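Convention: sequence-line order gives letters A, B, ...; per-chain numbering from 1. Fair warning: this is a prediction, and the values are worked out from it, not measured in the lab.
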Amino acid sequence: MELASKYDPRSVEEKWYQFWVEKGLFHSEPDGRVPYTVVIPPPNVTGVLHMGHMLNNTIQDVLVRRARMMGKNACWVPGTDHASIATEAKVVKMLAERGIDKRSLTRDEFMKYAWEWKEQYGGIILKQLRKLGASCDWERTAFTMDPVRYESVIRVFVDLYNKGLIYRGVRMVNWDPVALTAVSDEEVIYKESHGKLFYLKYFVEGEDRYIVVATTRPETILGDTAVCVHPDDERYTWLKGKRVVVPGVGRAVPVIMDEYVDREFGTGALKITPAHDINDYNIGMKYGLESIDIFNDNGTLNGVLGSNPTEAERQAAARYAGMDRFACRKQIMRDLEEQGLVEKIEDYTNNVGHSERTDAVIEPKLSAQWFVKMEGLAAKALEVVENDTIQFHPAKFKNTYRHWLENIKDWCISRQLWWGQRIPAWYVEANGRVETIVALNEDEAKKIAIEKYGTDAIRQDEDVLDTWFSSWLWPLSLFDGIRNPDNDEIRYYYPTADLITAPDIIFFWVARMIMAGEEYRGQVPFRNVYFTGIVRDKLGRKMSKQLGNSPDPIELIDKYGADGVRMGMLLTAPAGNDLPFDESICEQGRNFSNKIWNALRLVCGWKVAADEAATTSEQVAVNEVAVQWMEQRMAQVLEEIERDFDQYRLSEALMASYKLVWDDFCSWYLEMVKPAHGEPIDRITYESTISIFSRLMLILHPFMPFVTEEIWHQLQVENLKLRISNPDEVESHPQYAMLNSQFSIMNQHMPRSVFYDERTLADFDAARDMIAGVRNLRSSKGLSPKEQMDLYVKDRTDSGRFDGVVRKLGNVGKVENVDSKVDGALSFMVGTTECYVPMSQNIDVEAERAKLEADLAYAEGFLASVMKKLGNEKFVNGAPAAVIEKERNKQRDAETKIAALKAQLEALG
RNA sequence: GGGAGUAUAGCUCAGCUGGUUCAGAGCGCCUGCCUUACAAGCAGGAGGUCACUGGUUCGAACCCUGUUACUCCCACCA
């Protein structure tokens with residue numbers, strides 16, 4: 001069979017992914033094995049794959065595939081998140097394109113369209129994940145609004161309400177005037193913005209004295225109900241008990257004194273607008289001020305007046321009614337300037353809250369919302385992270401986590417939307433009051449209404465729940481652990497093993513899942529949290545649609561192969577570090593796939609000797625030590641890889657694997673055992689090579705699932721050929737069909753580190769250094785690698801087992817041990833061993849001398865520093881014996897080396 | 001304003017308990033090679049005052065002071 005010289009990932013990747021799915025290799029059922037569970041951070045159902053997902057899911061897949069190969073029952077559960085605000089926005093947009101206004105629809109009609117949209121366009125991202133090679137158990141695909149998840153959410157709401165942990169109250173919330181809903185504190189992004197600070201004149205009622213108040217939001221003066229100064233501020237003591245007139249509005253408001261005011265800021269006088277600022281609201285509560293909400297929900301002015309409005313106030317309210325808040329700001333300033341009520345305007349930079357979803361400027365707004373009491377939940381969630389029941393990788397995120405939980409505020413969970421779990425609260429009018437009934441469904445609510453209030457005239461709360469109120473149950477609800485807490489699945493799969501997520505949702509999601517896990521299972525939801533970095537572009541900017549600096553992951557996969565992209569991402573992504581992504585790192589991954597592919601081509605091309613006599617004994621001897629060395633080396637690197645995985649150092653584990661394959665296997669091992677042109681390879685070495693190569697594919701498989709599966713299969717075919725009478729007709733052998741239909745690298749056992757012999761490794765290193773020395777000499781003398789040379793070795797410390805390798809790979813004629821220096825030869829040192837290479841051509845004596853002198857100077861300087869240390873009494877007395885012994889060894893080595901260099905210099909004459 | 005983190009080669013990063021090979025790796029770069037697995041390759045090579053400062057120590061990239069720069073989180077002084 002002919003193999004192309006370039007590896008083509010496309011067909012290979014498609015073929016194997018289909019194979020894995022068809023064979024159900026990703027599917028998990030509870031059994032006697034140790035479970036390894038990962039739940040996917042559910043992407044928005046509206047989402048498309050971006051680089052952050054690529055990184056995150058690559059990491060999950062690596063861990064899941066490895067766990068599976070370690071003999072665990074790996075279960076990676078995929079799903080999507082209904083993302084109420086984002087999805088509702090998309091549906092509204094789609095409706096608008098069809099000429100349908102959302103407001104013309106009933107709730108049920110709207111929901112029908114939304115579900116249609118979800119079925120048609122939602123979940124693209126899950127299909128894209130398949131291209132990446134994600135080994136999710138697709139049979140378990142869930143959605144935060146599917147029946148099980150929906151019902152779980154409702155049950156939890158009812159339960160927490162009954163426990164007194166959910167309440168409804170009127171609070172200042174973050175209002176998104178575009179999405180027309182409240183959002184939680186965590187969904188507000190503060191951005192620096194360059195605005196103005198406006199200094200406005202407030203005249204004292206009935207006098208022509210005035211004070212100046214600084215504000216960034218002059219449009220809110222329509223809702224001013226006081227001006228506040230610091231009680232100790234001597235500039236304003238004369239104002240005590242006075243009233244001032246809100247400029248342009250004509251409303252007289254009291255001057256109040258409170259220590260909240262910062263005397264240094266602006267003029268030290270603060271206007272109070274209780275309806276539109278959280279701090280003003282608090283002051284308003286304290287002093288019993290009227291709260292005038294001047295905005296409509298969409299951020300336009302509503303023309304509402306305070307109690308006992310003046311004529312001026314009526315006019316002002318009417319004048320601005322219907323205007324957008326920002327247009328109003330400009331208009332008011334023009335009007336005030338005309339009236340001479342503006343003292344000055346300064347440039348000012350401050351932080352303005354924006355909605356995470358719509359980017360609209362958040363409007364603090366007073367409204368009735370539902371909240372979760374966080375205090376008790378937070379305490380438990382903090383404890384399990386503090387005591388390392390849950391470990392964070394990297395651990396530095398514990399600080400962030402602690403800080404948030406120690407300063408936690410109640411969680412606003414109601415959203416003024418339709419797409420989501422509708423809050424299971426019903427209102428009933430009884431005894432002249434509105435009573436609240438919280439129940440699992442309408443029927444129950446009605447029953448309660450009839451029992452308690454004698455009526456079934458109930459109406460359900462219009463709001464839905466925050467999407468995170470579904471997400472926080474994810475590890476529980478995926479296994480139906482809320483509705484059926486004793487079912488086999490939840491008992492088997494919970495707690496999950498590792499959670500892989502980005503640090504920006506540590507509060508939204510991670511912390512709250514921990515709370516829910518503790519509340520509903522008395523157990524943490526996962527043992528480890530791996531925080532990925534944020535994917536940035538070359539310039540360090542976050543990747544975003546607006547900037548257009550994010551490559552399309554699918555295009556990348558087409559270009560470099562999923563394996564190539566996976567490897568590129570992982571190589572530069574240590575836990576918690578941001579990943580400055582540059583497409584070119586995928587090249588390294590693609591090149592690596594190609595390298596492995598070509599190693600396969602080489603191995604497959606070898607003819608296997610029919611009998612031992614057909615191969616030279618010299619080559620057989622080399623092969624023997626080569627196999628021995630490669631086995632030791634593999635064990636050594638496996639130890640490293642295992643350690644890296646234990647510490648979640650995935651990029652290091654990958655790099656170690658990469659070097660093991662490229663350097664140790666391809667550059668050294670294969671070169672050692674490679675038969676001379678036209679020669680066959682002995683059967684034992686060939687078998688060993690296939691075995692080693694196969695195991696290398698296993699080691700690499702979690703990182704590069706496709707290429708390793710492909711090559712592993714081809715290697716098994718080679719293996720089969722060795723065992724059957726008619727290798728040329730392997731494809732008709734029954735085992736061949738079985739191999740291709742029943743076996744997968746995914747089910748093989750990951751090789752484990754075993755005891756390895758350091759001596760073999762050290763002997764090989766000496767041989768490698770000698771080869772490098774000889775090559776170096778050739779290269780520096782401009783000689784062709786084809787020029788064969790002899791090597792004389794003096795005072796060698798290695799066993800010489802690899803001399804055959806030195807001859808083969810160094811193109812050395814003979815390796816001979818000598819007792820004294822060799823005249824007329826170039827020399828180099830391997831440790832304290834002197835190596836001489838006689839040259840047929842004339843040696844440049846001066847150049848050699850210069851080189852030797854430089855080496856000598858370095859060695860002498862090194863010795864001097866060692867001697868200084870050893871001559872220092874404090875060191876000899878203070879340092880541990882082992883350290884001193886090391887210094888003595890350094891001294892001996894340096895002395896040997898110096899003596900040798902001097903001898904070589906003398907030999908030059 | 002409060003807190004955390006980072007600073008090591010051109011780039012991205014390792015460097016564990018202070019002590020051989022402590023100054024490393026990959027990529028990139030330079031030189032020479034189309035050597036029949038691979039030019040997506042092979043062989044060889046050059047590159048760093050470990051941000052700066054002071055200290056602790058026999059000994060510091062590593063521990064402590066301070067400075068500077070960058071990043072992130074929290075707060076939201078109008």
Side-chain angles (χ1 to χ4, degrees), chain A residues 3 5-7 188 190 197-198 213-217 220 228 260-262 264-267 269-273 277-280 348 350-353 394 396-404 407 503-504 506-507 534 536 538 540 560 564 571-574 576-580 582 584-585 587-606 643 647 649 651-652 655-656 658-659 662 666-667 670-671 674 677-678 772 775-780 782 784-786 831 866 868-869 871-880 882-887 889-890 893:
Chain A
L3 297 176
S5 73
K6 295 265 191 288
Y7 171 65
V188 179
Y190 286 90
L197 190 55
F198 305 93
V213 175
T215 179
T216 54
R217 302 200 55 195
T220 62
C228 188
Y260 167 76
V261 176
D262 176 2
E264 306 300 316
F265 189 89
T267 59
L270 171 66
K271 68 186 210 59
I272 304 295
T273 321
D277 182 283
I278 180 66
N279 297 301
D280 292 11
Y348 185 66
N350 67 341
N351 288 330
V352 176
K396 66 178 178 184
F397 287 107
K398 275 170 88 167
N399 294 324
T400 316
Y401 183 81
R402 182 188 312 115
H403 185 260
W404 186 71
N407 298 284
D504 52 353
I506 185 170
F507 309 132
I534 293 166
R536 298 174 178 280
K538 266 194 276 195
Y560 301 101
L571 271 179
T572 42
N577 266 27
D578 281 0
L579 165 69
D582 181 352
S584 67
I585 61 173
E587 276 176 31
Q588 199 179 346
R590 179 198 60 181
N591 294 355
F592 188 39
S593 298
N594 196 49
K595 181 74 183 176
I596 305 168
W597 177 253
N598 276 289
L600 176 77
R601 287 179 65 215
L602 176 67
V603 170
C604 288
W606 290 341
R643 200 170 47 233
Q647 296 170 23
R649 291 151 61 126
S651 27
E652 311 231 335
M655 183 51 76
Y658 172 80
K659 287 195 277 189
W662 196 307
C666 293
S667 297
L670 289 179
E671 293 298 335
K674 184 171 167 180
H677 190 54
R775 284 173 177 171
N776 190 359
L777 283 187
R778 270 201 205 90
S779 173
S780 62
S784 159
K786 286 171 184 152
V866 172
K868 192 177 160 198
K869 243 188 221 182
N872 184 333
E873 254 178 69
K874 284 183 189 168
F875 171 72
V876 177
N877 295 334
V883 172
I884 294 172
E885 187 49 37
K886 279 178 188 172
E887 289 301 316
N889 285 338
K890 274 202 236 174
D893 287 355

Has [X] got a side-chain atom pairing as donor or acceptor with [Y]'s backbone, closer than 3.5 angstrom?
{"X": "A:Asn598", "Y": "A:Asn594", "result": "yes"}
{"X": "A:Ser779", "Y": "A:Arg775", "result": "no"}
{"X": "A:Asp277", "Y": "A:Thr273", "result": "no"}
{"X": "A:Ser667", "Y": "A:Trp662", "result": "yes"}

Between [options], which one does the side chain of [X] approach most closely?
{"X": "A:Glu887", "options": "B:rA78, B:rG44, B:rU20", "answer": "B:rU20"}
{"X": "A:Asn351", "options": "B:rC38, B:rA75, B:rA43", "answer": "B:rA75"}
{"X": "A:Ser667", "options": "B:rA78, B:rA43, B:rA4", "answer": "B:rA43"}
{"X": "A:Gln588", "options": "B:rA40, B:rC27, B:rU36", "answer": "B:rC27"}
{"X": "A:Arg536", "options": "B:rC73, B:rC38, B:rC72", "answer": "B:rC72"}
{"X": "A:Asn598", "options": "B:rC38, B:rG26, B:rA78", "answer": "B:rC38"}
{"X": "A:Val261", "options": "B:rU20, B:rC38, B:rA78", "answer": "B:rA78"}
{"X": "A:Leu602", "options": "B:rU20, B:rA37, B:rA78", "answer": "B:rA37"}
{"X": "A:Phe265", "options": "B:rG44, B:rA14, B:rA78", "answer": "B:rA78"}
{"X": "A:Pro580", "options": "B:rU35, B:rC38, B:rU12", "answer": "B:rU12"}

Euclidean distance for [atom1], [N] against [M] (whole angstrom):
{"N": "B:rC29", "M": "B:rA9", "atom1": "C1'", "result": "11 Å"}
{"N": "B:rA51", "M": "B:rU6", "atom1": "C1'", "result": "11 Å"}
{"N": "B:rU8", "M": "B:rC13", "atom1": "P", "result": "10 Å"}
{"N": "B:rA43", "M": "B:rC50", "atom1": "P", "result": "32 Å"}
{"N": "B:rG5", "M": "B:rA60", "atom1": "P", "result": "25 Å"}
{"N": "B:rA14", "M": "B:rU57", "atom1": "C1'", "result": "26 Å"}
{"N": "B:rC42", "M": "B:rU36", "atom1": "C1'", "result": "14 Å"}
{"N": "B:rG24", "M": "B:rA61", "atom1": "C1'", "result": "12 Å"}

Which nucleotide, if any, forms a Watson-Crick or G-U wobble pair with [N], using both distances under 3.5 Å?
{"N": "B:rU21", "value": "none"}
{"N": "B:rG1", "value": "B:rC74"}
{"N": "B:rC29", "value": "B:rG45"}
{"N": "B:rU6", "value": "B:rA69"}

Closer than 4.0 Å, any side-chain N/O of [X] to the OP1 or OP2 of [N]?
{"X": "A:Arg775", "N": "B:rC33", "result": "no"}
{"X": "A:Lys595", "N": "B:rA37", "result": "no"}
{"X": "A:Tyr348", "N": "B:rA78", "result": "yes"}
{"X": "A:Asn591", "N": "B:rG41", "result": "yes"}
{"X": "A:Trp662", "N": "B:rC42", "result": "yes"}
{"X": "A:Tyr658", "N": "B:rC27", "result": "yes"}
{"X": "A:Arg590", "N": "B:rC27", "result": "no"}

Atom [atom1] of [X] to atom [atom2] of [N]: distance rounded to whole Å?
{"X": "A:Asn776", "N": "B:rG44", "atom1": "CG", "atom2": "C1'", "answer": "6 Å"}
{"X": "A:Arg649", "N": "B:rG26", "atom1": "CZ", "atom2": "C1'", "answer": "15 Å"}
{"X": "A:Lys659", "N": "B:rC27", "atom1": "NZ", "atom2": "C1'", "answer": "12 Å"}
{"X": "A:Ile506", "N": "B:rG3", "atom1": "CD1", "atom2": "C1'", "answer": "14 Å"}
{"X": "A:Met655", "N": "B:rG24", "atom1": "CE", "atom2": "C1'", "answer": "12 Å"}

Work out which heavy atom in A:Lys271 is nearest to a heavy atom in A:Val213; give both atom names and the distance.
N-CG1, 3.5 Å
Locate the shortest heavy-atom distance separating A:Leu670 from A:Trp606; write the atom from each residue and the value.
CD2-CH2, 3.9 Å
Can you tell me whether the side chain of A:Glu671 and the base of B:rA43 have a donor-acceptor pair closer than 3.5 Å?
no
Classify the side chain of A:Asn594 and the base of B:rC38 as holding, or not holding, a donor-acceptor pair under 3.5 Å.
no
If you look at every strand shown and take non-hydrogen atoms under 4.0 Å, does [X] touch a base, only sugar-phosphate, or nothing?
{"X": "A:Asp262", "answer": "base"}
{"X": "A:Phe507", "answer": "sugar-phosphate"}
{"X": "A:His403", "answer": "sugar-phosphate"}
{"X": "A:Cys228", "answer": "nothing"}
{"X": "A:Asn407", "answer": "nothing"}

A:Ser5 or A:Phe397, whichever maps to the more 5' nucleotide of RNA chain B
A:Ser5
Give, for atom OG1 of A:Thr400 and atom CG of A:Asp504, the distance between the pair rounded to the nearest 0.5 Å.
12.0 Å
If you measure from CG on A:Leu579 to CD1 on A:Ile534, what distance do you get to the nearest 0.5 Å?
10.5 Å
